[in-house]
Number of protein chains: 2
Amino acid sequence: MADVNPVLLDEQLCFSIYSASKKFNHFYQSALAPFGLTYPQYIAMLVLWEKAPLTVHQLGERLELDSGTLTPLLKRLEKQGWVSRVRSQTDERQVLIHLTEMATTKRDEVYSRIGQCQTLLGMTSDEIDSMMTELVTVKEQLDTVSHQRLIAKEVDKTN
Amino acid sequence: MADVNPVLLDEQLCFSIYSASKKFNHFYQSALAPFGLTYPQYIAMLVLWEKAPLTVHQLGERLELDSGTLTPLLKRLEKQGWVSRVRSQTDERQVLIHLTEMATTKRDEVYSRIGQCQTLLGMTSDEIDSMMTELVTVKEQLDTVSHQRLIAKEVDKTN
DNA sequence: TTTCAGAGTATTGTATACAATTAAATTGTC
DNA sequence: GACAATTTAATTGTATACAATACTCTGAAA
């Protein structure tokens, strides 16, 4: 019974994060409604505004998403006029994602819209910082466990 | 320029939460692979193990999910033999979700499996507690903002 | 009793996610 | 240069999420 509580705590933390993530999603969706951007589309644009063009793979590394998610997402962004997808001349495996003129023009508008909606979440910078540090710890731990499980699988195969 | 940093911090926190949520999801999916349960299916089972039967609505309140998500999820759980969906006799609008015998039998197995995989995330109980408290703050703040936006919409309509 | 507003669930349509596979291009190696 | 291994995107299939809508049932008011 002694080790039941921590397990429950972990589960509660997991659910809190899961729930907060959904709420953030909803918040951004509604804040960005005038632009028709979803949260994943928005963070893709953020990365591109910072440094475009990028290949699908490079974008995926930053966003931790694979082509299975990004290809359709980018097609939607293209359809809505935010980006253009151009097969690279030098390496035809790659597709370069460029910003359109509209995207460049609207960047400040989008930023300002987000700025208006930002509430700083009722937290100080220090609190946010410490929370992010803790989240990094959690993520690293989860990666470690996943990695251990991968190794365990390999060992399994040898039997 | 002075208020740019906090906005970026908020965004980074949002992304950290988004990313951690995905990692947790992956962790549970892989831990529960022997049972074929996903994370959302698992938390549905957790609630049901605690107190079944429940209506779709009651389950949705606990999980913060609506019937659009739950109906297909519960159909899959039913197909895999975890639950049965029974239209209520006393109020035919409601569908009661019951545990199957298999679900009752496998409960401890699932718990033990999760227990084995639990790593306590490299955090103390106090750290987890404080993190959850901060997440609650974040979620409340996001709810407040959403609520304000709803009110703003109402005001819009009157013009 | 009839009607009707609201409750509860299901359905439809859109947008992620991600595992697994496919297809095309490039690189490395002989 | 031929060819196997690798890389990069796209595709396919499954599972969430959620808004909007439809449909059925219930309870209350007229």
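Keep in mind that the numbers below use all heavy atoms, side chains included, and drop hydrogens, waters and symmetry copies. Numbers restart at 1 for each chain; the letters A, B, ... are given by sequence-line order, proteins then strands.
In the hydrophobic clustering of ILVMFWY residues, with side-chain heavy atoms under 4.5 Å counting as a link, B:Tyr18 and B:Val136 come out apart.
Contacts of A:Gln41 with the nucleic acid, taken as non-hydrogen atoms under 4.0 Å apart, involve only primed sugar atoms and P, OP1 or OP2. Among the heavy atoms of the strands lying under 4.0 Å from A:Leu65 are primed sugar atoms or P, OP1, OP2 only; no base atom is included. In this structure, B:Leu73 reaches the sugar-phosphate backbone alone: every heavy-atom distance under 4.0 Å involves primed, P, OP1 or OP2 atoms, never a base. Backbone-only engagement by B:Glu64 is indicated by non-hydrogen atom pairs under 4.0 Å involving sugar-phosphate atoms exclusively. Residue A:Thr38 is in sugar-phosphate contact alone, with no base atom involved, counting any heavy-atom pair closer than 4.0 Å across all strands shown.
Between B:Pro72 and B:Ser67, the shortest heavy-atom contact is CD-O, 3.8 Å. The minimum heavy-atom distance linking A:Thr100 with A:Ser84 is given by the pair CG2-N, 4.1 Å. Annotation for A:Gln80 and A:Met102: closest pair O-CE, 3.6 Å, computed over non-hydrogen atoms. Residues B:Pro40 and B:Leu73 share a closest heavy-atom pair of CB-CD1, 3.7 Å. When all heavy atoms of B:Ser88 and B:Leu96 are compared, the closest pair comes out as CB-CD1, 4.2 Å.
Regarding A:Leu54, its CG atom lies at a distance of 15 Å from the C1' atom of D:dT8, rounded to whole Å. For B:His57 and D:dT26, the NE2 to C1' distance is 15 Å, given to the nearest whole Å.
Looking at residues 79-92 of chain A, you'll see A:Thr90, A:Asp91, A:Glu92 sit with a heavy atom under 4.0 Å from some atom of DNA chain C.
Ring orientation note: the planes of A:Tyr42 and A:Tyr39 are tilted relative to one another, at an angle of 30° to 60°. Between A:Trp82 and A:Trp49, the ring-plane angle classifies as perpendicular under the 30° and 60° cut-offs.
Taking the 5' to 3' direction, DNA chain C first and last meets chain A under 4.0 angstrom from a heavy atom at C:dA15 to C:dT26.
For the pair B:Asp66 and A:Pro40, both in contact range of DNA chain C, the more 5′-proximal nearest nucleotide belongs to B:Asp66.
For the residue pair B:Tyr28 / B:Gln41, no side-chain donor-acceptor distance below 3.5 Å is found, with atom types taken as modelled.
The base of D:dT7 sits within donor-acceptor range of the side chain of A:Arg93, with an N or O pair under 3.5 Å.
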